[in-house]
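Residue indices begin at 1 and follow the sequence shown. A quick note: this is a predicted structure, and the numbers were derived from the prediction, not measured.
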Amino acid sequence: MTDEASPWLVVGLGNPGPEYAGNRHNVGFMVADLLADRMGARFKAHKSRAQVVEGRVGPPGPVGRRVIVAKPMSFMNLSGGPTTALRDFYKVPVGHIIAVHDELDIDYGALRLKLGGGDNGHNGLKSITKSLGPDYFRVRFGIGRPPGRMDVAAFVLKDFSAAERKELDYFVDRAADAVETLIVDGLERAQGTYNS
């Protein structure tokens, strides 16, 4: 199987359960949900301890890329287990794996796409890197820094503020566009269009 023909795996990072649904830490799930909507597919439970959707991204026909969108149901700090199980099940090369996650060191709503790198203290990335190594793509969704002396853990597990929510749909839409561009057109074009 050529690399071109290999499927892509997009892992939206978050925590399962309705109490976490609107948290800043769950923006990866929000992007995954939108990608699933665009594919016209519904998430189904998978034996890897993740919810998955299979579909295609890009132009119809042979040019479109086969994509698996996943939301690990293991809690953020154990995301590596389901990600590795999905990689093995669908035979996805590490170079076709994209983690979509919240990023404290970027202003709210800004995006940065990259290949490889450290985990920057993000427990979801830490877990995936421990399982796969660092050479997967990241779509980093800026959530900004906590105000004042607010604890980082408390900040990421809080819902977006009312002011942030006004623009959230737009930013999630942009992040989903960035994921699709990365898959279809490559990292350089996606960075040129979406890195802010």
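Under the side-chain contact (heavy atoms from CB on, under 4.5 Å) criterion, Ala41 pairs with Met39, Val53, not counting sequence neighbours. Under the rule for a salt bridge (charged side-chain N to carboxylate O under 4.0 Å, His left out), Glu167 has no partner lying at least two apart in sequence or in another chain. Residues passing the side-chain contact (heavy atoms from CB on, under 4.5 Å) test with Thr129, sequence neighbours excluded: Pro134, Tyr136, Arg138. With sequence neighbours excluded, the residues forming a side chain to side chain donor-acceptor pair (under 3.5 Å) with Asn120 are Glu103, Asp105, listed by chain and number. Judged as a side-chain contact (heavy atoms from CB on, under 4.5 Å), and not counting sequence neighbours, Asp169 has no contacts. Pro147 is linked by a side-chain contact (heavy atoms from CB on, under 4.5 Å) to Met150, Phe155, counting only residues two or more places apart in sequence or in another chain. Scanning for salt bridge (charged side-chain N to carboxylate O under 4.0 Å, His left out) contacts around Arg24 gives Glu164, with sequence neighbours left out.
Screening residues 6-15 for salt bridge (Lys or Arg N to Asp or Glu O under 4.0 Å), with sequence neighbours left out, gives no hits. Residues in residues 180-196 take part in these salt bridge (Lys or Arg N to Asp or Glu O under 4.0 Å) pairs, two or more places apart or across chains: Arg38-Glu180. Sorted by first and then second residue, the salt bridge (Lys or Arg N to Asp or Glu O under 4.0 Å) pairs involving residues 115-124 (not counting sequence neighbours) form an empty list. Contacts classified as side-chain hydrogen bond (donor to acceptor under 3.5 Å, both in side chains) and involving residues 72-83 (residues at least two apart or in different chains) are not found. For residues 67-83, the salt bridge (Lys or Arg N to Asp or Glu O under 4.0 Å) pairs, not counting sequence neighbours, are Asp33-Lys71.
Closest non-hydrogen pair, Val179 versus Leu35, comes out as CG1-CD1, 3.9 Å. Heavy-atom minimum distance, Leu9 versus Ala70: CD1-CB, 4.2 Å. The minimum heavy-atom distance linking Ala178 with Ala190 is given by the pair O-CB, 4.2 Å. The minimum heavy-atom distance between Leu78 and Ser127, with the atom names listed, is C-OG, 3.4 Å.
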Verdict with supporting geometry, Val152 and Leu104, side chain to side chain contact (heavy atoms under 4.5 Å, CB included): CA-CA 9 Å; Val152 165; Leu104 287 159; 3.4 Å; yes
Side chain to side chain contact (heavy atoms under 4.5 Å, CB included) evaluation trace for Ile98 with Val11: CA-CA 6 Å; Ile98 303 170; Val11 183; over 6 Å; no
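Without hydrogens or angle criteria, His96 side chain to Ser6 main chain gives a donor-acceptor distance under 3.5 Å. Asp151 contributes a side-chain N or O that, together with a main-chain N or O of Ala154, makes up a donor-acceptor pair within less than 3.5 Å. Side-chain atoms of Asn15 come within 3.5 Å of backbone N or O of Met76 as a donor-acceptor pair. Remark: side-chain polar atoms of Asn195 are paired, donor with acceptor, to backbone N or O of Leu113 under 3.5 angstrom.
Few gaps surround NZ on Lys114; more than 12 heavy atoms of other groups in view lie less than 6.0 Å from it. Other residues, nucleotides and ligands place more than 12 heavy atoms under 6.0 Å from the CG atom of Asp37.
Atom OG1 in Thr84 sits 4.5 Å away from atom CG in Leu132 (nearest 0.5 Å).
For Phe29 and Tyr20, the distance between ring centers is not under 6.0 angstrom.
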